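Note on naming: letters A, B, ... go to the chains in the order of the sequence lines (proteins, then strands), and numbering restarts at 1 for each one. Just so we're clear, the structure is a prediction, and the values are computed from it rather than from any experiment.
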Protein chains: 2
Amino acid sequence: MGTLEPMEDEVDRLIQAWRRERPDLDVAPMEVLSRVSRLARHLDRARSQAFDTHGLESWEFDVLAALRRAGTPYQLSPGKLLKETLVTSGTMTNRVDRLAARGLVERLPDPHDRRGVLVQLTPAGRDKVDAAMADLLTHERTLLGGLSDGDQQKIARVLRELVRPFDLEKH
Amino acid sequence: MGTLEPMEDEVDRLIQAWRRERPDLDVAPMEVLSRVSRLARHLDRARSQAFDTHGLESWEFDVLAALRRAGTPYQLSPGKLLKETLVTSGTMTNRVDRLAARGLVERLPDPHDRRGVLVQLTPAGRDKVDAAMADLLTHERTLLGGLSDGDQQKIARVLRELVRPFDLEKH
DNA sequence: CTGATTTATCTTGACGTCGAGATACTCTAA
DNA sequence: TTAGAGTATCTCGACGTCAAGATAAATCAG
């Protein structure tokens, strides 16, 4: 019955250590969730590297990408932006300040609400985010290279199920 | 052939927007990797909440857990600790300072290397991390509740494959 | 032994984020 | 019309992290 055992990774080491120290605990959830956390960490680093080429920081890309996704005229309020990027309002003010200083976005007064502001992508900002996005996807395709299409779909479905409760709770 | 379509999540929205704006790009990698990143973010928040009960911050748990996993006498050098927790040396100095101030760890001189230090869990630190770990796992089991054992094993295997290249590259 | 290199830890300053609160404007309903 | 509640954005101080550099001790080559 030769089950082909996959090679060990750091999480296997981690789990082994916990089982030794706390045999009373069921550490099975770590098999999935610790790997998700660690992989996300590595992905962040990889993203940063990919963006380096374009002189972009990850946080800059996050904002520019949200504007780019919105479609012409590439405008969103700071409020919408912080919902898209999951940061607080103070953070977004700061981000927009710096992106504007770099000439990648502009702040325009909202014509319909004098409290409001619209953040708009400049042509330079659009070019940067388009180039960075293409590179990011190329790089990510490499990372997924080893996975069959079937496995990718399977894991995407499972991850969707895991994320959904969180997406729902914030209403 | 009634394929049961899973409900949409935020990443589906994201992907749809990119396909509309950039039909020239193959955004399939996001199906997996964006979900990994977002799930990890949500997991971080959930972890923080679970630790709140014990008056612990996530970063505190990370250090205490590394020491706890090491087994009696629950000692590790700052160097080993920063390899375990993936932070820089300055960060670890700061963390140990604050944990020592709270009485959860102690700094001892390394008897074999006068440059060195050993960070040791106090009994109070051990109690805290043991209680927090048990709660964390209970909570994580809930999050995974909807998944069959088979799905959990499948996804764990796939994630291990995705993480391995990163685990290897840092030698 | 001696000088050069490496290793282990700590120090410092800059940075990005958060959370609480301030300010200005809009909306609702009496 | 107006008081009060709600909303949009910005300000500010505290915090944790990082990167670069400082210090001190160990190790290695000659």
Between the protein and nucleotides 1-8 of chain C, list every N/O to N/O distance that falls short of 3.5 Å.
{"unit_1": "C:dT7", "atom_1": "O2", "unit_2": "B:R115", "atom_2": "NH1", "d": "2.4"}

In Å and rounded to the nearest 0.5 Å, what is the CD to CG distance from A:E60 to A:L99? 5.5 Å
Nearest whole Å is fine: how far is C:dT9 P from B:L108 CG? 13 Å
Return the 5'-most residue of the pair A:E57, A:H112 with respect to DNA chain C, ranking by each residue's nearest nucleotide. A:E57
Return the CG to CG distance between A:L144 and B:L162, rounded to the nearest 0.5 Å. 6.0 Å
Length of the line joining A:L86:CG and C:dG16:C1', which is rounded to integer Å: 16 Å
How many angstroms lie between atom OG1 of B:T122 and atom CD of B:E106, to the nearest 0.5 angstrom? 7.0 Å
In whole Å, what is the span from the CG atom of A:L82 to the C1' atom of C:dG19? 13 Å
For C:dT9, does either OP1 or OP2 sit under 4.0 Å from a side-chain N or O belonging to B:R107? no
Pairwise distance CZ(B:R45) to OG(B:S58) - rounded to 0.5 angstrom: 11.5 Å
Atom CD of B:Q153 and atom CG of B:L147: how far apart are they, to the nearest 0.5 Å? 11.0 Å
All side chain to side chain contact (heavy atoms under 4.5 Å, CB included) counterparts of A:D127, not counting sequence neighbours: none
Is it the case that the side chain of B:Q120 and the backbone of B:L76 share a donor-acceptor pair, with hydrogens and angles ignored and the cut-off at 3.5 Å? no
Near-strand residues of residues 87-99 of chain A, defined as heavy-atom separation under 4.0 angstrom from DNA chain D: A:S89, A:G90, A:T93
Pick from B:R102, B:R107, B:M92: which one makes a side chain to side chain contact (heavy atoms under 4.5 Å, CB included) with B:D97? B:R107
Along DNA chain D, 5' to 3', what are the outermost nucleotides having an atom less than 4.0 Å from a heavy atom of chain B? D:dG16 to D:dA26
So CZ of A:R164 and CD of B:E10: to nearest 0.5 Å the spacing works out to 12.0 Å
Using the test side chain to side chain contact (heavy atoms under 4.5 Å, CB included), find all partners of B:S37 that sit at least two apart in sequence or belong to another chain. A:L43
Under the side chain to side chain contact (heavy atoms under 4.5 Å, CB included) test, residues paired with A:A65 that sit two or more places apart: A:F61, A:R69, A:V129, B:W18
